Number of protein chains: 2
Amino acid sequence: MRPTQLECKKRILSDAVPLFAKSGYDRVTMRQIAAKARITAGSLYHHFPSKQDLYLEAMKQVFTDRTRRLTEALSEDGHPADRLRNLVFRFCKQLREDRIFSRLIDREILDGNEERFRMIVDKVFKEFFSEMTRLCKELAPMFDPYLLAISIVALAAYHYQITPIRKYLPGGRPSYDDPEIVAQHIVTLIFNGIGHKPHVGIGKKRKGDPPA
Amino acid sequence: MRPTQLECKKRILSDAVPLFAKSGYDRVTMRQIAAKARITAGSLYHHFPSKQDLYLEAMKQVFTDRTRRLTEALSEDGHPADRLRNLVFRFCKQLREDRIFSRLIDREILDGNEERFRMIVDKVFKEFFSEMTRLCKELAPMFDPYLLAISIVALAAYHYQITPIRKYLPGGRPSYDDPEIVAQHIVTLIFNGIGHKPHVGIGKKRKGDPPA
DNA sequence: GTCTATAACATGATAGAC
DNA sequence: GTCTATCATGTTATAGAC
């Protein structure tokens with residue numbers, strides 16, 4: 001049976017997504033996309049009016065796809081602290097397994113325009129972020145929920161964003177790739193902090209403190 | 001007075017850096033760089049053998065320039081907690097003022113190759129990161145200093161990395177751009193955590209809970 | 001020798017004819 | 001769907017200006 005036009009478009013987009021994530025918009029040629037979809041470059045223009053349009057449709061597809069899983073972990077039953085803990089563990093696992101999502105978002109933040117930012121926030125982050133701030137309000141009423149939500153995402157996202165260069169940092173070990181280890185560290189930090197000193201007006205007297 | 005060869009090259013690089021930060025390697029044409037330096041595209045090849053070489057030299061210049069300021073805040077006198085607090089505040093201020101550095105690093109992480117990763121870590125992060133881990137060891141001996149150092153950088157870097165889309169998130173206010181506010185939030189979180197619950201064995205155990 | 005301008009070539013994105 | 005033309009861009013070769 002011949003694939004419908006819609007199926008054909010979807011297939012082309014699914015083929016194109018990993019290419020864009022790996023190399024970025026400019027370094028992906030229409031010929032590469034066409035080759036992966038087993039048609040010729042010109043034929044792509046039968047389905048999509050331009051490379052830009054193909055790209056934007058690909059983004060929409062992959063973002064809406066990944067969004068669901070992200071929000072799931074937040075809308076479960078249980079104690080708020082457990083929900084946060086679960087979220088961090090799942091998020092780290094997903095970031096570790098799927099570099100595509102993270103890379104595409106980073107590329108969008110660097111190269112997108114205002115219209116695309118609105119689209120991404122609306123389609124990808126809005127619902128997830130609302131759930132996050134709600135959880136933060138429950139869990140830590142003394143904190144600004146907006147800043148705290150971003151901080152929590154930051155901790156997980158950044159650890160895996162810098163994966164490619166992390167191994168060259170002094171002291172790096174392969175185990176630092178392990179989602180369990182990273183997530184446990186993040187959860188401990190979020191709940192307890194480094195638990196050392198109050199955060200204002202501390203220890204101003206001694207000059208040249210001896211190392212601990 | 002005629003500029004020397006070195007001055008001429010430096011000028012071209014300084015002109016090129018903001019272009020690369022804004023649009024990325026591929027979207028910057030040799031003709032654009034040449035126009036900004038008030039020469040023609042062909043003439044660029046008298047100074048640099050290729051676009052790649054021009055780009056790499058530009059990166060080296062901007063990275064070594066920014067590195068110094070980053071490490072300064074860490075090598076001051078004072079109580080470790082104060083040093084960390086100072087670092088976070090300075091880092092946030094710098095990230096807020098200078099988007100170029102941050103954008104170039106994000107682009108490098110996305111598009112660089114192993115050789116370039118090594119170069120960047122060596123020239124930009126190694127010294128800074130060593131100081132960070134040393135500080136972390138002093139300040140929070142119970143934590144893995146490597147993971148903690150990354151987490152601290154993550155909190156500051158990510159808040160400003162997502163600046164372009166932050167304003168579209170529900171609950172966003174202009175004050176969340178203010179380095180003082182962001183830095184204070186980060187410092188409070190690092191030192192105290194959300195101060196709510198212990199980080200293991202909380203609530204009831206549920207199906208699919210990650211191991212503690 | 002040192003810098004620059006000009007012209008020309010190869011490749012890739014894209015539009016339009018078939 | 002395919003094929004061809006056009007345009008932008010990295011790059012090279014060559015020659016002029018100081």
Side-chain angles (χ1 to χ4, degrees), chain A residues 1-61 104 107-108 110-113 115-116, chain B residues 1-61 104 107-108 110-113 115-116:
Chain A
M1 193 169 106
R2 266 257 300 283
T4 71
Q5 183 168 2
L6 195 74
E7 282 167 346
C8 189
K9 279 182 74 165
K10 271 187 167 179
R11 192 176 45 83
I12 294 174
L13 293 178
S14 299
D15 286 337
V17 161
L19 292 176
F20 284 128
K22 179 169 185 290
S23 313
Y25 181 82
D26 292 289
R27 274 187 264 262
V28 176
T29 74
M30 292 298 266
R31 286 171 177 78
Q32 279 176 286
I33 299 172
K36 217 169 178 189
R38 300 181 182 285
I39 55 178
T40 66
S43 307
L44 280 178
Y45 288 88
H46 179 73
H47 300 281
F48 305 94
S50 74
K51 188 182 176 187
Q52 275 278 346
D53 287 270
L54 191 157
Y55 175 73
L56 285 180
E57 288 208 40
M59 293 305 100
K60 275 184 201 166
Q61 180 186 287
L104 288 176
R107 291 197 185 281
E108 278 298 313
L110 282 173
D111 293 327
N113 53 41
E115 188 194 338
R116 260 152 68 181
Chain B
M1 193 169 111
R2 266 260 296 289
T4 71
Q5 179 170 3
L6 196 76
E7 283 167 349
C8 190
K9 279 183 76 165
K10 272 187 165 177
R11 190 175 49 83
I12 294 174
L13 294 178
S14 299
D15 286 338
V17 161
L19 291 177
F20 284 127
K22 180 169 184 290
S23 312
Y25 180 83
D26 292 290
R27 273 188 267 264
V28 176
T29 73
M30 291 300 264
R31 289 170 175 81
Q32 278 177 287
I33 299 172
K36 218 170 177 189
R38 301 185 181 284
I39 56 177
T40 65
S43 305
L44 280 178
Y45 287 85
H46 178 75
H47 302 279
F48 306 94
S50 74
K51 187 185 178 185
Q52 276 277 348
D53 287 89
L54 191 158
Y55 175 75
L56 286 179
E57 287 209 39
M59 292 305 99
K60 275 184 202 165
Q61 181 186 283
L104 288 176
R107 291 196 185 283
E108 278 299 311
L110 282 172
D111 294 325
N113 54 40
E115 188 195 338
R116 259 152 69 181

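All heavy atoms count here, side chains included; hydrogens, waters and symmetry mates do not. Letters A, B, ... are given to chains in the order of the sequence lines, protein chains preceding strands, and every chain is numbered from 1. From a predicted model like this one, the values you see are computed outputs, not experimental measurements.
To the nearest angstrom, C1' of dC3(C) lies 17 Å from CZ of Arg38(B). Going from atom NE2 of His46(A) over to atom P of dG1(D) covers 6 Å, rounded to whole Å. The distance from atom CZ of Arg27(B) to atom P of dG10(D) is 13 Å, rounded to the nearest whole Å. Here dT4(C) presents its P atom at 13 Å from CE of Met30(B), a figure rounded to the nearest Å. Per the geometry, CZ belonging to Arg11(B) stands 11 Å off C1' belonging to dC3(C), to the nearest Å. Rounded to whole angstrom, the span from the CZ atom of Phe48(B) across to the C1' atom of dC3(C) amounts to 13 Å. Atom-to-atom, CD of Gln32(A) to P of dG12(C) comes out at 9 Å; the value is rounded to the nearest Å. Spacing between atom CG of Asp53(B) and atom P of dT12(D) amounts to 11 Å, rounded to whole angstrom units.
Set against dT11(D), dA5(C), dG10(D), the side chain of Thr40(B) has dA5(C) as its closest nucleotide. Picking from dA5(C), dT11(D), dG1(D) the nucleotide with the shortest atom distance to the side chain of Ser43(A) gives dG1(D). Set against dA13(C), dT11(D), dC3(C), the side chain of Lys51(A) has dA13(C) as its closest nucleotide. Comparing dA5(C), dG12(C), dT14(C) against the side chain of Ile39(B) picks out dA5(C) as the nearest. Here the side chain of Thr29(A) is nearest to one of dG12(C), dG10(D), dC3(C), namely dG12(C).
Interatomic distance, Leu19(B) CG to Thr29(B) OG1, rounded to the nearest 0.5 Å: 8.5 Å.
Between Tyr45(B) and dT12(D) there is no side-chain polar atom (N or O) within less than 4.0 angstrom of OP1 or OP2. For the pair His47(B) and dT4(C), the criterion of a side-chain N or O lying under 4.0 Å from OP1 or OP2 is met.
A salt bridge links Asp111(B) with Arg107(A): at least one charged nitrogen is closer than 4.0 Å to a carboxylate oxygen.
In this pair, Tyr25(B) and Phe20(B) present their aromatic rings parallel. The plane angle is below 30°, not in the 30 to 60° band.
A residue-by-residue look at Pro49(A) and Arg31(A) shows that Arg31(A) has its nearest nucleotide of DNA chain C further toward the 5' end.
Lys51(B) approaches Asp26(B) most closely through the heavy-atom pair NZ-O, 3.8 Å.
In this structure, the side chains of Tyr55(A) and Ile33(A) stay at 4.5 Å or more apart for every pair of heavy atoms.
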